[in-house]
Amino acid sequence: MGEYYLRCGALFDGVHEELLDHMGILVRDNRIVRVERELSCPRGAERLDLSHLTVTPGLIDAHVHFDFRSDQTGGPGARFLASDERKTLTLLYNAKQSLRRGFTTVRHAGGKISTFGAVDVKRAIDGGLFQASRLVVIAHAVAAPGCHTDASTYFRGNPHLADALQGLYPNLGNGADFARAAARREIKYGADVVKLMVTGGFASPNDGPEEIQLEEDEIRAVLDVARHLGRPTTAHVYTAQMVSRLAELGITGVEHASMIDQAALEQLLTHGTYVVPTFVPYEEIIREDQAMLERKPPEFRAKLLRYAAQLRQGRKVLVDAILHTGLLVGYGTDIVSLYPNYECWREFKAWRDSGIPALRTLRAATSSNARILRRPELGTIAPGQLADLAGWDRNILEDHEALSHCAFVMKDGQVVDQAGAL
């Protein structure tokens with residue numbers, strides 16, 4: 001580490017929805033020490049000329065699943081048969097790729113590694129063994145057998161095989177006592193956030209987004225444990241009914257909420273509950289893109305078509321909330337099909353195509369996500385903050401795909417080698 005002077009073409013500080021010109025940034029070791037207009041380069045500092053770029057805080061994706069490659073083909077459930085070692089290595093691979101694309105921090109929102117490999121990857125990155133996106137980890141979601149995250153449902157035609165596979169995942173079980181123990185186990189082994197799988201989903205083969213898959217006593221047990229042990233909580237949830245109920249029960253945040261209504265939105269506002277809406281997985285039905293819809297897995301496509309009207313109405317409610325309320329809304333891609341999981345830029349395009357201004361979108365991916373992740377040292381360009389920075393050579397204000405090409409990355413005060421990234 002050392003001292004760097006960065007001359008910016010334009011600067012977005014992560015908070016104020018404006019681009020500042022003629023700004024300089026001074027970085028010493030891993031911290032930003034000065035951010036000033038017309039700042040001079042101090043003697044001895046290494047000068048980095050980014051005058052052709054728009055500089056932002058290092059971006060944050062609050063909802064990724066990095067333990068598989070959704071752009072690689074295979075039969076139904078094939079990725080779940082990979083070894084824990086293979087899935088753990090894939091997580092590291094995706095985190096290396098996302099860093100080179102300007103996302104210096106990501107929240108791994110749970111996966112199919114039966115061990116705590118995600119926590120090990122996080123610690124290895126934090127320890128400097130690998131240059132990759134900083135990880136905030138949800139290791140496993142607390143869930144019921146047969147639910148959206150239960151990989152064994154892909155093999156339900158063979159109950160012996162499915163039961164054996166289900167037994168590999170210690171987060172699957174029934175009852176409040178089980179849920180309480182599962183939450184404690186997640187925290188014991190290093191999970192940063194405790195997640196619940198409350199409703200069914202779209203990508204899974206045998207359920208639907210309207211199903212309620214945890215009982216209230218199970219939900220309460222998890223929320224109580226996390227509260228007592230000082231961990232935030234979030235939930236996979238789609239329906240307005242369950243979004244409202246989770247807010248009333250005191251959950252920290254919710255993921256997706258794609259079928260939300262105005263009454264549920266009011267509950268989120270009343271209780272201070274954040275939402276990470278993950279637009280990307282539903283873009284094909286929102287945009288009526290038949291060609292891309294045909295490429296979705298059959299069960300995913302069928303459910304998108306069935307719930308199209310509710311998804312479109314829910315999108316309107318979410319966009320209105322982003323534009324006109326003080327709701328804390330995060331940026332998360334949740335790529336699970338069609339695209340490489342590390343293409344975190346795609347949520348930017350989805351927000352822009354939904355009518356949300358560029359800098360409002362970037363605020364969600366910077367300072368708002370830093371609040372959601374409880375990492376106040378991230379997400380803004382200001383003295384004292386960690387030196388996580390990204391530079392973009394396309395027109396961020398006008399180009400909906402501007403984030404698809406990142407020209408410069410600094411994480412923790414170190415310039416990232418982007419060779420072979422794009």
Side-chain angles (χ1 to χ4, degrees), residues 63 65 67-68 70 76-81 87 108-114 118 138-159 161-186 191 193-223 225-226 233-243 245-246 249 251 253-259 276 278 281-282 297-300 302-304 306-307 334 336-337:
H63 194 120
H65 297 286
D67 55 326
F68 71 102
S70 60
R79 69 176 182 262
F80 305 127
L81 294 179
K87 286 179 276 194
H108 176 65
K112 300 301 186 294
I113 303 172
S114 64
I138 298 168
H140 316 97
V142 180
C147 79
H148 176 67
T149 195
D150 181 359
S152 72
T153 57
Y154 282 92
F155 309 97
R156 63 195 183 281
N158 184 332
L161 176 59
D163 284 347
L165 183 58
Q166 179 185 310
L168 297 177
Y169 295 98
N171 57 308
L172 299 172
N174 300 290
D177 285 344
F178 169 82
R180 191 175 292 110
R184 286 176 175 149
R185 187 173 187 271
E186 291 298 299
V193 184
V194 181
K195 181 180 178 183
L196 304 96
M197 302 300 291
V198 174
T199 69
F202 285 88
S204 42
N206 69 319
D207 63 359
E210 291 183 302
E211 291 183 14
I212 298 172
Q213 296 186 334
L214 286 178
E215 301 300 322
E216 186 160 312
D217 64 335
E218 295 170 325
I219 296 170
R220 285 180 181 275
V222 172
L223 297 183
V225 166
T233 49
T234 194
H236 165 102
V237 60
Y238 283 102
T239 63
Q241 171 198 358
M242 289 310 300
V243 167
R245 188 63 186 133
L246 288 166
L249 290 171
I251 199 163
V254 295
E255 314 295 309
H256 316 305
S258 307
M259 293 152 66
V276 178
T278 66
Y282 323 104
E299 63 275 5
F300 205 148
K303 283 183 272 190
L304 288 175
R306 178 179 175 185
Y307 292 101
D334 190 32
V336 293
S337 68

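Starting from 1, each residue takes its place in the sequence as its number.
- Considering all non-hydrogen atoms of both residues, Pro145 and Asn174 come closest at CD-OD1, 3.5 Å.
- From Ser114, atom OG reaches atom CG of Leu165 across 9.0 Å, with rounding to the nearest 0.5 Å.
- Between the Gln213 side chain and the Cys147 main chain, no donor and acceptor come within less than 3.5 Å of each other.
- Val243 and Ala257 get closest at one heavy-atom pair: CG2-CB, 3.9 Å.
- Residues in residues 172-183 take part in these salt bridge (charged side-chain N to carboxylate O under 4.0 Å, His left out) pairs, two or more places apart or across chains: Asp177-Arg180.
- Under the 3.5 Å distance criterion, the side-chain polar atoms of Asn171 are matched with a main-chain donor or acceptor of Ala141.
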Test side-chain hydrogen bond (donor to acceptor under 3.5 Å, both in side chains) applied to Glu186 and His140, step by step: CA-CA 7 Å; Glu186 291 298 299; His140 316 97; 2.9 Å; yes

CA sep, side-chain torsions, deciding dist, call: His65, Asp334, side chain to side chain contact (heavy atoms under 4.5 Å, CB included): CA-CA 6 Å; His65 297 286; Asp334 190 32; 3.0 Å; yes

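- Here the side chains of Val222 and Val194 are in contact, with some heavy-atom distance below 4.5 Å.
- Side-chain contact of Asp150 with Thr153: a donor-acceptor pair under 3.5 Å is absent, judged by distance alone.
- Residues passing the ring-ring contact (aromatic ring centres under 6.0 Å, His included) test with His256, sequence neighbours excluded: His63, His236, Tyr238.
- Residues Ala203 and Tyr154 approach most closely at O-OH, 3.2 Å, considering heavy atoms.
- Note: Ser152 OG to Leu161 CG = 8.5 Å, rounded to the nearest 0.5 Å.
- Closest approach of Glu211 to Asn206, counting heavy atoms only: OE2-O, 4.2 Å.
- For Thr149, the side-chain hydrogen bond (donor to acceptor under 3.5 Å, both in side chains) test picks out Lys112, with sequence neighbours left out.
- The two residues Lys303 and Phe202 have their closest heavy-atom pair at CE-O, 3.1 Å.
- Looking only at side-chain heavy atoms (C-beta outward), Met197 and Leu172 stay at 4.5 Å or farther from each other.
- Pro297 pairs by the side chain to side chain contact (heavy atoms under 4.5 Å, CB included) definition with Glu299, Phe300, Ser337, not counting sequence neighbours.
- Partners of Arg220 by side-chain hydrogen bond (donor to acceptor under 3.5 Å, both in side chains), not counting sequence neighbours, listed by chain and number: Glu216.
- A distance of 5.0 Å separates CG in Asp67 from CD1 in Ile113, rounded to the nearest 0.5 Å.
- For the pair Val225 and Ala183, the tightest heavy-atom approach, listed with the atom from each and the gap, is CG1-CB, 3.9 Å.
- With sequence neighbours excluded, the residues satisfying side-chain hydrogen bond (donor to acceptor under 3.5 Å, both in side chains) with Glu210 are Tyr307.
- Of the listed residues (Leu246, Val237, Ile251), just one forms a side chain to side chain contact (heavy atoms under 4.5 Å, CB included) with Leu196, and that residue is Ile251.
- Residues Ile212 and Gln241 form a side-chain contact, since some pair of their non-hydrogen atoms from C-beta on lies under 4.5 Å apart.
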Residues Thr199, His148; criterion side chain to side chain contact (heavy atoms under 4.5 Å, CB included); working and verdict: CA-CA 7 Å; Thr199 69; His148 176 67; over 6 Å; no

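- Residues Phe155 and Asp163 form no side-chain contact, since every pair of their non-hydrogen atoms from C-beta on lies 4.5 Å or further apart.
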